[in-house]
2 protein chains.
Amino acid sequence: MRDKPAGETRAADVLHRMRADIISCVLKPGAKLRFEGLRDMYAVSFSTLREALSRLVAEGLVVAEDQRGFVVAPVSIADLNDLTYVRVLVERECLGLAIKHGNDGWEADIIGSFHRMDRLQTRLGSNYYLSGEWGKLHGDFHFSLVAACGSPNLLEIRQKLFERAHRYRRMSSQFRPKWRAKDVEHKMIMDSVIARDTAKAQELIERHIRETTENVIKHAGHLFDAADEAPHTRSDHVAAE
Amino acid sequence: MRDKPAGETRAADVLHRMRADIISCVLKPGAKLRFEGLRDMYAVSFSTLREALSRLVAEGLVVAEDQRGFVVAPVSIADLNDLTYVRVLVERECLGLAIKHGNDGWEADIIGSFHRMDRLQTRLGSNYYLSGEWGKLHGDFHFSLVAACGSPNLLEIRQKLFERAHRYRRMSSQFRPKWRAKDVEHKMIMDSVIARDTAKAQELIERHIRETTENVIKHAGHLFDAADEAPHTRSDHVAAE
DNA sequence: CGGTTTGATTTTTTCGAAAATCAGCCATAC
DNA sequence: GTATGGCTGATTTTCGAAAAAATCAAACCG
């Protein structure tokens, strides 16, 4: 399911593969990205690599140090907390708009994508969250919830934030044998969305995001370089909300 | 003030110059970006151009059509309205956080950047808004208001949205001889921010953004290809707010 | 001994030619 | 008359070598 250089330009293909590798931590946070190695890994030339890297820089998954090459964007508790804060803001807004504007087709897509995710979950058994396939369906489900939002710009921002958060989720999933009652939460969120209960849906999605963050910090926080800049704490943000 | 390839990589320099040219509409919305022409214009090679273009794609100022080259991101009333909607959401949030977290240095920076902008304004006379220099100071002033926001991610999103909006403002400024009472508005916003009146500051910044958008549509709307996709109207968003 | 300069090596960045792809056009067939 | 198939020229995309810059370490002073 991962190979489709069909009609796609080579650079775009490398972009997709590298993004996936960064999100799934095959390329570890903070790792130096040397061209020689990447060239072997993805079988493309310097320039093509550089193009993919450049786009990832603008997406925030890679940082470029002037004349010193590229590095996988580092992770930190401060960044995760900030990301969570922004995500709550954006996701709530998207959800509110989607519930307002969504039609029957939108509802059908939600139910469909939930079903696909749920089925794969039972098929894969207790380790479903380690599967890249499930990760994709999980992303699709969350997207379907807000798809009818009507604001292309907000949706695009949301998508990029979601992907960056996915990297943090992924980091903790290797430590966490069972992924809480996430499946139950998803069902509750879906139900409240379909019932057009905006306040409840927003409350649930916020809790969903916040609790996931707490779990990541609890189980994988020790992996982050705590020696990072921490200009503010989470409680600041919560209070501001 | 525009030339500083000091310590900067060549590609980054081209990136800055192209971004400025797109924002100031030297490169017109929807224009096809042919490599041959760009190579002469910026005096760099294909690969370097491609790198800059790629970053601009991820920033939303350029769109890449698979295997058919690059195009300056088109403008449309739908996009402007959507942009305005997201900007109001983000800018209000940033401002609220900044007022909450800001310290004395932050206030001083606001006053300083307002003063710089104001001085240049009187020095340039009635056509100040056409100057790129003023455009920069105007951007600096607005940034200074939210600089203490404390959320790097939100600030980065804000910055990109601001730049895209600047392109729209620029399109209308050539038609509009006098730029309303914008300078008075800036003063009022600054005063309410320094007075830490969150609600008032947010209200003022929202009006500031919304009225600018209305003016752009009124005076330059006829330039946009109205034949664009328009999945929703502005009133949708306003109502949702 | 601490600190700076120099030179060799590694790594990044830039370049323009070569390959791949697209767009328009005409000939041909049905 | 319309559609299909291949040409040709223009444009994009990819490539790896060459240039520029950084890194590391040994040699060199104060």
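Heavy atoms only: backbone and side chains are in, while hydrogens, waters and symmetry mates are out. A note on names: the letters A, B, ... follow the listed sequences, proteins ahead of strands, and every chain is numbered from 1.
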Going through the checks in order, is the side chain to side chain contact (heavy atoms under 4.5 Å, CB included) test met by A/Ile157 and B/Val90? CA-CA 11 Å; A/Ile157 291 170; B/Val90 171; 5.5 Å; no
Would A/Arg92 and A/Leu95 satisfy side chain to side chain contact (heavy atoms under 4.5 Å, CB included), going step by step from the backbone distance to the final call? CA-CA 5 Å; A/Arg92 286 186 68 122; A/Leu95 203 49; 5.9 Å; no
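In this structure, B/Glu8 places its CD atom 16 Å from C1' of D/dA20, rounding to the nearest Å. C/dT11 atom C1' lies 15 Å from atom CG of A/Asp66, rounded to whole Å. Protein atom CZ of A/Arg10 is 11 Å distant from nucleotide atom C1' of C/dA20, rounded to whole Å. In this structure, B/Asp13 atom CG and D/dA21 atom C1' are separated by 17 Å, rounded to whole Å. Following rounding to the nearest Å, B/Glu51 (CD) and D/dT13 (P) show an atom-to-atom distance of 15 Å. A straight line from CZ of A/Arg39 to P of D/dC15 spans 10 Å, rounded to a whole angstrom. Atom CD in A/Glu65 sits roughly 13 Å away from atom C1' in C/dT11 (whole-Å rounding). As rounded to whole Å, 11 Å separates atom P of D/dG16 from atom CG of A/Leu49.
Looking at residues 25-38 of chain B, you'll see B/Lys32, B/Leu33, B/Arg34, B/Phe35 sit with a heavy atom under 4.0 Å from some atom of DNA chain D.
Within the nucleic acid shown, B/Arg68 comes within 4.0 Å of sugar-phosphate atoms alone, with no base atom in reach, counting heavy atoms only. B/Ser47 comes within 4.0 angstrom of a nucleotide base, judged by non-hydrogen atoms across all strands.
Ring geometry, A/Phe70 versus A/Phe35: the interplanar angle exceeds 60°, so the pair is classed perpendicular (tilted spans 30 to 60°). Relative ring orientation between B/His142 and B/His138 is described as perpendicular, the plane-to-plane angle rising above 60° on a 0-90° scale split at 30° and 60°.
A sub-4.0 Å separation between OP1 or OP2 of C/dT13 and a side-chain N or O of A/Arg50 is present. Phosphate contact (OP1/OP2 of D/dT12, side-chain N/O of A/Thr9, threshold under 4.0 Å): absent.
Checked against D/dA22, D/dT13, C/dC15, the side chain of B/Phe70 finds its nearest nucleotide in D/dT13. In the set C/dT13, C/dC15, D/dC15, the nucleotide with an atom closest to the side chain of B/Thr48 is C/dC15. Among the nucleotides D/dT14, C/dT14, D/dT23, the one closest to any side-chain atom of B/Phe46 is D/dT14. Comparing C/dC15, D/dC15, C/dT13 by their closest approach to the side chain of A/Val44 singles out D/dC15.
Looking only at side-chain heavy atoms (C-beta outward), B/Asp79 and A/Asn153 come within less than 4.5 Å of each other.
Using a cutoff of 4.0 Å between basic side-chain nitrogens and carboxylate oxygens, B/Lys160 and B/Glu156 are scored as salt-bridged. Looking at A/Arg17 and A/Asp21, no side-chain N of the basic residue comes within less than 4.0 Å of a carboxylate O on the acidic one, giving no salt bridge.
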